[in-house]
Amino acid sequence: MTAILRAALTFAAGLTICAQVQAQAWPSKPVRIILPFAAGGSSDLVLRPLASALQPVFGQPFVIDPKPGAATAIA
């Protein structure tokens with residue numbers, strides 16, 4: 001098998017895989033955003049309106065899960 005034919009077959013197989021991946025509906029369940037800081041902080045105040053704006057676009061709820069502590073290593 002020549003190198004050109006092998007490359008063409010590899011490319012065709014890659015396109016087939018990409019087409020199958022794009023056919024999946026994302027997200028299919030609620031999206032959980034892990035926040036490494038305490039609730040009520042400035043990052044929480046910025047993230048909550050963003051999550052509310054993303055909810056109608058994706059059709060799934062965006063849940064903010066604050067996990068403060070251990071210098072943000074927990075999240």
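Position 1 is the first residue of the sequence, and the numbers go up from there.
- Annotation for Lys29 and Gln60: closest pair C-OE1, 3.5 Å, computed over non-hydrogen atoms.
- Separating the CD1 atom in Ile33 from the CG atom in Leu47 is a distance of 5.0 Å, to the nearest 0.5 Å.
- Residues Val63 and Phe58 do not share a hydrophobic cluster, defined by chaining ILVMFWY side chains whose heavy atoms lie under 4.5 Å apart.
- Clustering ILVMFWY residues whenever any of their side-chain heavy atoms sit less than 4.5 angstrom apart, transitively, puts Leu50 in the very cluster that holds Val31.
- Listed by first and then second residue, the salt bridge (Lys or Arg N to Asp or Glu O under 4.0 Å) pairs involving residues 41-56 are Asp44-Arg48 (not counting sequence neighbours).
- Under a hydrophobic clustering in which Ile, Leu, Val, Met, Phe, Trp and Tyr are joined whenever their side-chain heavy atoms come within less than 4.5 Å, directly or via other members, Phe37 and Val46 fall into different clusters.
- Neither Leu45 nor Leu54 shares a network with the other; the hydrophobic side chains, linked directly or stepwise wherever heavy atoms of I, L, V, M, F, W or Y lie under 4.5 Å apart, form separate groups for each.
- Nearest heavy atom pair, residue Ala38 against residue Pro68, reads N-CB, 3.7 Å.
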